[in-house]
Number of protein chains: 2
Amino acid sequence: MTHGPDIARIAALVADPARSAMLLGLMDGCALTATELASLGGITKQTASSHLAKLVDGEVLSVEAQGRHRYFKLAGAHVAALLEALMVFSSDAVPPLRTGPREPSLRKARICYDHLAGEMGVALYDHMQENAWVDDGLALTEKGWRHLAVIGVTQAELPRSNRPQCRACLDWSQRRHHLAGTVGKLILDRFFALSWARRLPNSRIISFSPEGERRFGEWLR
Amino acid sequence: MTHGPDIARIAALVADPARSAMLLGLMDGCALTATELASLGGITKQTASSHLAKLVDGEVLSVEAQGRHRYFKLAGAHVAALLEALMVFSSDAVPPLRTGPREPSLRKARICYDHLAGEMGVALYDHMQENAWVDDGLALTEKGWRHLAVIGVTQAELPRSNRPQCRACLDWSQRRHHLAGTVGKLILDRFFALSWARRLPNSRIISFSPEGERRFGEWLR
DNA sequence: GTCATGGTTCGATCATAGTCGAACCATTCA
DNA sequence: TGAATGGTTCGACTATGATCGAACCATGAC
């Protein structure tokens, strides 16, 4: 009778199977595109578009347009907290989601959309910050470009887009940031081109060769 | 795509306005009957019955049948946690619910269904336990009946029902137990009959007269 | 410019589920 | 015993909203 907080409105946003699947897919804090989320929810992109509009309108998700992509992510920690409060009820699948991937190789290095995630991705991000390859605004410094040139990544390669050069992406297994953005993508592309690493089929695992891992370590010295 | 925890199922249970209103009404930990909850949700008792069945089936509520009444309450602390996680989203009404009633008179003494709640209700309950008016099973002792007789409550008055004589009810403002059950009702009735207290119109407040409060204190001596 | 791709809008369809009236069952009280 | 009250079941109605096909818009690549 008395109008309390409108918790039904938010609950309804989570109550749809497709939407909840998308939300669970974003629990790692990463931002995904609309089509990726559509496949997560097992629905067409039209339907996903409608769902995502609702979630953004309800301030459950936040969206960032970059080029022709739109990256969706959880609107904040309170959303993750809500999802966790809901997960308590399903006795089965309680633990695995926030503890990160089980397979060690996934923890070590995997692809996150188009850039490097996992321990090695976090190491790269940390190194770039600590050694002033990027400034406080995550823009590449003179010094940063010099070091990137060592493996063959040049400023000329940057597509003329307004997608940011560097972006921080929360790492699922590490719960720390790794490097995303166009530079993140370029670097990973170089790793592949230099045969330092390759993708395993049907998996997000990125497998570094012993030689590649050694060179990676040297590059960061 | 991958079947994670079925959070949509639980969310859907909260997603209905009538159901969420009922759940919010139970946030105080008290157990309410189906008809009370129906009025809380602003719906008929048939509809409420259907809603409540779903909530119990989903293990969001637990139910206890007593006579011709069925008392519903939250299934546990995890349910309250979920509701609170949802309330975070509604910027307006964040704080008041779990902090208890704002008006001091409501905190002091109010009616909870048919018995005394608030500070004085908790004091009564504590006193009865500490002074062995009731045993561990909350059944009245010889000594308890003697003291009740002082204010005119006699065993003969007890209706021959299987509603328990004494029941513990979690107090909203105090977050401790107060006395419910038939004896709780009988005692409050006596307070009214003795003019120790009266109900304020259109409110749950129970107003004790100075004389009544004094007598109440003496009775517990 | 053309083409491909990511996303949105619109409209029609369809299923789910909330709602209440009416009848019914169960318990309590007189 | 009958009357009153608390609660459930059943059936019919209705509204909401999820879904997808088709068309459309915007961006980026060539």
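The basis for the numbers below is simple: all heavy atoms, side chains too, and nothing from hydrogens, waters or symmetry mates. Lettering follows sequence order; numbering is per chain, from 1.
- Between G25(B) and L40(B), the shortest heavy-atom distance links the atoms CA-CD1, 3.8 Å.
- Taking atom OH of residue Y71(A) and atom C1' of nucleotide dT27(D), one finds them 13 Å apart after rounding to whole Å.
- The distance between atom NZ of K45(A) and atom P of dT8(C), rounded to the nearest whole Å, is 10 Å.
- One interatomic measurement links the two molecules: CG of L37(B) to P of dG18(C), which rounds to 16 Å at whole-angstrom precision.
- Of all heavy-atom pairs between L26(A) and F72(A), the closest is CD2-O, 3.4 Å.
- The minimum heavy-atom distance between T141(B) and V134(B), with the atom names listed, is CG2-C, 3.7 Å.
- Residues R19(A) and L61(A) form no side-chain contact, since every pair of their non-hydrogen atoms from C-beta on lies 4.5 Å or further apart.
- As rounded to whole Å, 9 Å separates atom C1' of dT27(D) from atom NE2 of H69(A).
- At dC20(C), one or more side-chain N or O atoms of T44(B) fall inside 4.0 Å of OP1 or OP2 (strictly under the cut-off).
- Atom CG in L52(B) sits about 15 Å away from atom C1' in dT9(D), given to the nearest Å.
- Checking dG7(D), dC20(C), dT8(C) against the side-chain heavy atoms of Q46(B) singles out dC20(C) as nearest.
- Nearest to the side chain of T33(B), among dT8(D), dG7(C), dG7(D), sits dG7(D).
- Regarding L32(B), its CG atom lies at a distance of 15 Å from the C1' atom of dG6(D), rounded to whole Å.
- In this structure, E64(B) atom CD and dT27(C) atom P are separated by 16 Å, rounded to whole Å.
- Taking all atoms of both residues into account, the shortest heavy-atom contact from A11(B) to L86(A) is N-CD2, 3.8 Å.
- The shortest heavy-atom contact between A75(B) and E59(B) is CB-O, 3.4 Å.
- Between R70(B) and dA26(C) there is no side-chain polar atom (N or O) within less than 4.0 angstrom of OP1 or OP2.
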Atom pairs, N/O to N/O, protein against nucleotides 15-18 of chain D, distance under 3.5 Å?
{"residue": "dA18(D)", "atom": "OP1", "partner": "R19(A)", "partner atom": "NH2", "Å": "3.1"}
{"residue": "dA18(D)", "atom": "OP2", "partner": "K54(A)", "partner atom": "NZ", "Å": "3.0"}

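- Ring orientation note: the planes of W133(A) and H147(A) are close to parallel, at an angle under 30° on the 30°/60° scale.
- Atom C1' of nucleotide dT9(C) and atom CG of D57(A) are separated by 16 Å, given to the nearest angstrom.
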